[in-house]
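This one's a predicted model, so the numbers in the text were calculated from it and none came from an experiment. Note that ligands are numbered from 1 as they come in the structure, with each ligand's atoms numbered from 1 the same way.
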Amino acid sequence: MLFIADSIKQIYTSFEADLLDVSNEDQAESLKIAYLGRKGQVRQLFDTLASMSPEEKKQYGGAINDLKNKLQDALQNKLNQLQEDKSKQEKLSFYDYSLPGRPFPIGHQHPLSLIGQQLYDTFRSLNFTVVDGNEIEDDYHNFEALNIPKWHPARKMQDSFYITENMLLRTHTSTVQVRAMEKMKPPLRIVSINGRCYRRDASDATHYPVFHQIEGLYIDEGLSMADLSGLLVEMMYGVFGREVEIRFLPSYFPFVEPGAETLISCPFCRKKGCQVCQQSGWIELGGSGMVHPQVLRNVNIDPAKYSGFAFGWGVDRLAMLKYGIEDIRMLMDNHIHFLEQF
Ligand code: PHE
């Protein structure tokens with residue numbers, strides 16, 4: 001019965017060769033049918049046992065059974081491997097590492113922050129100390145120390161939101177002048193950028209009850225309006241990136257003398273007259289002036305020795321000018337489509 005032993009070997013060799021060609025589950029199934037199915041090669045071998053003696057049956061039956069088990073194991077291994085390859089493949093096609101990364105939304109800087117950053121850079125380069133004040137202030141720092149006593153009509157222009165009779169939301173950032181001079185000895189150079197202020201104004205395209213100011217203060221010996229002018233020009237150069245002129249219009253603020261409204265030459269038309277400056281060539285940006293001697297006295301600085309200047313400008317206005325924003329309320333509305341432009 002040597003032919004059975006040969007057949008077993010032969011079947012195994014050809015199975016191994018066939019198995020190498022199997023590359024998917026269907027092919028594995030066909031192979032299974034061809035070798036292990038009801039009419040498969042192994043079955044046929046078993047059939048030959050029928051005509052054998054009991055000893056032969058025992059001998060070859062065992063060998064054929066071994067063959068069957070070997071084939072079954074090999075097939076199972078192949079199937080496992082195919083499964084594994086398949087799921088790897090699926091994972092690979094799910095994560096295509098060659099694709100560019102998904103853009104991660106990182107947000108945008110608010111126009112006020114952008115302007116704030118430019119102002120910050122300018123003042124740091126000029127060796128100013130950047131300070132912050134309190135949004136909730138007492139009457140003394142918001143008015144009294146700035147030469148605006150209770151009865152003073154200038155209070156009318158800056159009606160606030162009161163928390164108690166003595167505590168209010170600050171109406172301007174000039175409060176930081178007082179707080180800085182209380183703490184620091186001259187010479188001193190401070191700036192407060194993007195300080196939030198509150199006034200009981202009805203809102204329209206250019207007014208809002210919440211707004212932002214930049215406040216600067218420089219106290220030293222022998223300072224004049226010329227120094228103020230130079231500083232403001234430098235500040236505008238930082239924001240608008242080209243030459244601008246400064247113009248002072250005499251004006252009244254109880255805490256400066258002389259005091260002035262400050263205008264810049266229109267950075268868009270260079271004084272020729274355009275829509276932005278309403279054909280005037282100039283744009284008003286805030287107040288400024290030489291610090292009033294009484295204010296210096298209030299914080300124990302000798303006005304005979306020191307003088308200084310201060311300015312307080314609207315940052316919202318600057319941002320609106322720089323970015324062509326027509327309505328101040330847009331800076332507060334928090335509309336994503338607006339903010340995404342910056
Ligand atoms: N604090 C003034 C205001 O808000 C502006 C100002 C600041 C004027 C500094 C003069 C000096 O109207």
Side-chain angles (χ1 to χ4, degrees), residues 112 119 123 128 131-135 137-149 152-161 168-182 188-201 206-220 223-232 235-236 246-264 283-296 298-299 301 303 306-319 328:
L112 288 174
L119 294 169
F123 281 97
F128 274 64
V131 298
D132 260 337
N134 311 337
E135 284 179 39
E137 263 298 1
D138 51 33
D139 188 274
Y140 176 76
H141 288 91
N142 199 86
F143 294 125
E144 206 83 31
L146 288 162
N147 225 7
I148 318 176
H152 202 288
R155 288 208 179 199
K156 265 258 148 62
M157 313 248 300
Q158 302 195 4
D159 198 6
S160 178
F161 298 92
L168 58 141
L169 300 182
R170 70 173 171 198
T171 58
H172 55 177
T173 43
S174 297
T175 53
V176 299
Q177 292 184 35
V178 182
R179 290 200 173 272
M181 288 189 288
E182 281 172 348
L188 64 89
R189 265 178 279 199
I190 59 111
V191 67
S192 150
I193 298 165
N194 261 336
R196 199 164 285 176
C197 305
Y198 305 82
R199 283 186 204 176
R200 270 177 52 180
D201 288 340
T206 53
H207 295 87
Y208 199 77
V210 185
F211 57 96
H212 302 77
Q213 286 189 337
I214 173 168
E215 186 91 14
L217 172 74
Y218 192 173
I219 307 278
D220 204 342
L223 290 175
S224 73
M225 289 289 277
D227 301 297
L228 170 59
S229 172
L231 180 74
L232 295 176
M235 168 163 106
M236 283 304 91
I246 293 289
R247 187 187 212 180
F248 294 115
L249 277 190
S251 181
Y252 177 67
F253 300 95
F255 41 96
V256 284
E257 182 58 39
E261 292 289 351
T262 340
L263 297 88
I264 61 164
I283 294 166
E284 192 199 313
L285 281 172
S288 64
M290 302 305 291
V291 178
H292 196 289
Q294 185 55 44
V295 174
L296 294 176
N298 289 346
V299 289
I301 293 176
Y306 292 106
S307 60
F309 58 75
F311 65 89
W313 283 15
V315 185
D316 309 78
R317 183 110 176 85
L318 275 176
I328 192 171

Below 4.0 Å from any atom of ligand 1, is there a heavy atom belonging to [X]?
| X | answer |
| --- | --- |
| G259 | no |
| Q177 | yes |
| R170 | no |
| W313 | no |
| A310 | yes |

Exercise. Can you tell me the protein heavy atom closest to atom 3 (C) of ligand 1 and the distance?
Worked result: R199 NH2, 3.7 Å
Exercise. When you look for heavy atoms under 4.0 Å from ligand 1, do you find them on the side chain of F255, its backbone, both, or neither?
Worked result: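 F255 to ligand 1: side-chain contact only, backbone stays beyond 4.0 Å.
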For this session: Just let me know how E215 lines up against ligand 1, side chain, backbone, both or neither, with a heavy-atom cut-off below 4.0 Å.
Result: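 Just the side chain.
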For this session: Say whether, by atom type as modelled, one donor and one acceptor occur between the side chain of Q213 and the main chain of T173 under 3.5 angstrom.
Result: yes
Exercise. With distance as the sole test, does N194 use its side chain to make a donor-acceptor pair with the main-chain N or O of L112 at under 3.5 Å?
Worked result: yes
Problem set entry | Sub-3.5 Å N/O-N/O distance, S288 and ligand 1 |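 The answer is no, given that S288 and ligand 1 share no N or O pair closer than 3.5 Å.
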Exercise. Are any of the N or O atoms of T171 closer than 3.5 Å to those of ligand 1?
Worked result: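 No - when backbone and side-chain N and O of T171 are compared with those of ligand 1, no distance drops under 3.5 Å.
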Problem set entry | Side-chain heavy atoms of L146 within contact of V178, under 4.5 Å | yes
Exercise. Taking only heavy atoms of Q213, which atoms of ligand 1 are found under 4.0 Å from at least one of them?
Worked result: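 This gives 3 (C), 4 (O) as the contact atoms.
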For this session: Compute the ring centroids of F253 and H172, then answer whether they are less than 6.0 Å apart.
Result: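 No: the rings miss the under 6.0 Å criterion.
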Problem set entry | Exercise: do T175 and N134 side chains pair donor with acceptor under 3.5 Å |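 There is no such pair (donor and acceptor under 3.5 Å, judged by atom type) between the side chains of T175 and N134.
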Exercise. For the residue pair Y218 and F309, does the interplanar ring angle fall in the parallel (under 30°), tilted (30 to 60°) or perpendicular (over 60°) class?
Worked result: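 Correct class here is perpendicular.
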Seminar exercise, completed: For N147 and P149 the tightest heavy-atom approach is O-CD, 3.3 Å
Problem set entry | G312, G289, G314: member with heavy atom nearest to atom 9 (C) of ligand 1 | G312
Exercise. Salt-bridged, R247 to E284, with N to O below 4.0 Å?
Worked result: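 No, R247 and E284 are not salt-bridged.
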